[in-house]
Amino acid sequence: MDDDKGEGVAIANLIGTDGCSVVGWVYRWSIGAHAVMWDVKGPQPVSETRPDLTEQQKQEIDFDGLTRIGSGDSK
């Protein structure tokens, strides 16, 4: 994707609970919004982002919710 054309740019990898698998990506859009894109397996629990995101960015993508995927816990 191309930020010059108003598309999203990947800014971080979403790391799975095994500590090494990339399960998705965090994208920043030219308007400043952030979004998550999953790999082909779909949503999976996340343990961290690499590189680390700011607290504001984590809040925007609901990082706490991403860590609980599949656990049955609700907000």
Side-chain angles (χ1 to χ4, degrees):
M1 295 187 183
D2 187 346
D3 194 34
D4 292 337
K5 296 180 181 176
E7 298 176 354
V9 174
I11 61 167
N13 294 321
L14 296 172
I15 306 301
T17 55
D18 66 359
C20 60
S21 298
V22 176
V23 298
W25 303 267
V26 177
Y27 279 82
R28 183 189 68 237
W29 298 97
S30 59
I31 59 171
H34 294 84
V36 169
M37 185 170 99
W38 298 105
D39 76 359
V40 295
K41 295 179 185 172
Q44 300 172 56
V46 173
S47 64
E48 64 181 292
T49 63
R50 290 186 194 153
D52 197 19
L53 300 174
T54 67
E55 288 305 313
Q56 183 178 357
Q57 290 169 320
K58 286 180 179 180
Q59 186 176 11
E60 187 173 341
I61 64 168
D62 187 17
F63 182 77
D64 290 337
L66 298 179
T67 64
R68 294 190 306 267
I69 291 174
S71 70
D73 291 346
S74 60
K75 284 190 169 184

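Put simply, the side chain of T67 never gets that close to the backbone of V46: no donor and acceptor are under 3.5 Å apart.
For T17, there are no side-chain hydrogen bond (donor to acceptor under 3.5 Å, both in side chains) partners at least two apart in sequence or on another chain. Taking the salt bridge (charged side-chain N to carboxylate O under 4.0 Å, His left out) definition, one finds that D18 meets it with nothing, sequence neighbours left out. In terms of the side-chain hydrogen bond (donor to acceptor under 3.5 Å, both in side chains) criterion, Q59 has no residue partners (sequence neighbours excluded).
Between A12 and P51, the closest heavy-atom pair is CB-O, 3.6 Å. The two residues A35 and W29 come nearest to each other via the heavy atoms CB-NE1, 3.5 Å.
The closest side-chain heavy-atom distance from I11 to Q57 is below 4.5 Å. Between D62 and V36 there is no side-chain heavy-atom pair separated by less than 4.5 Å.
Annotation: the span from L53 atom CG to E48 atom CD amounts to 11.0 Å, rounded to 0.5 Å. One finds the CD atom of E60 at 11.5 Å from the CZ atom of R28 (value rounded to the nearest 0.5 Å).
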For this session: Quick one: do D64 and K58 satisfy side chain to side chain contact (heavy atoms under 4.5 Å, CB included)? Show the steps, please.
Result: CA-CA 8 Å; D64 290 337; K58 286 180 179 180; over 6 Å; no
For this session: Evaluate side chain to side chain contact (heavy atoms under 4.5 Å, CB included) for T49 paired with F63, printing each intermediate quantity in order.
Result: CA-CA 9 Å; T49 63; F63 182 77; 3.9 Å; yes
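Just one of N13, D39, L14 meets the side-chain contact (heavy atoms from CB on, under 4.5 Å) condition when paired with V22; it is N13.
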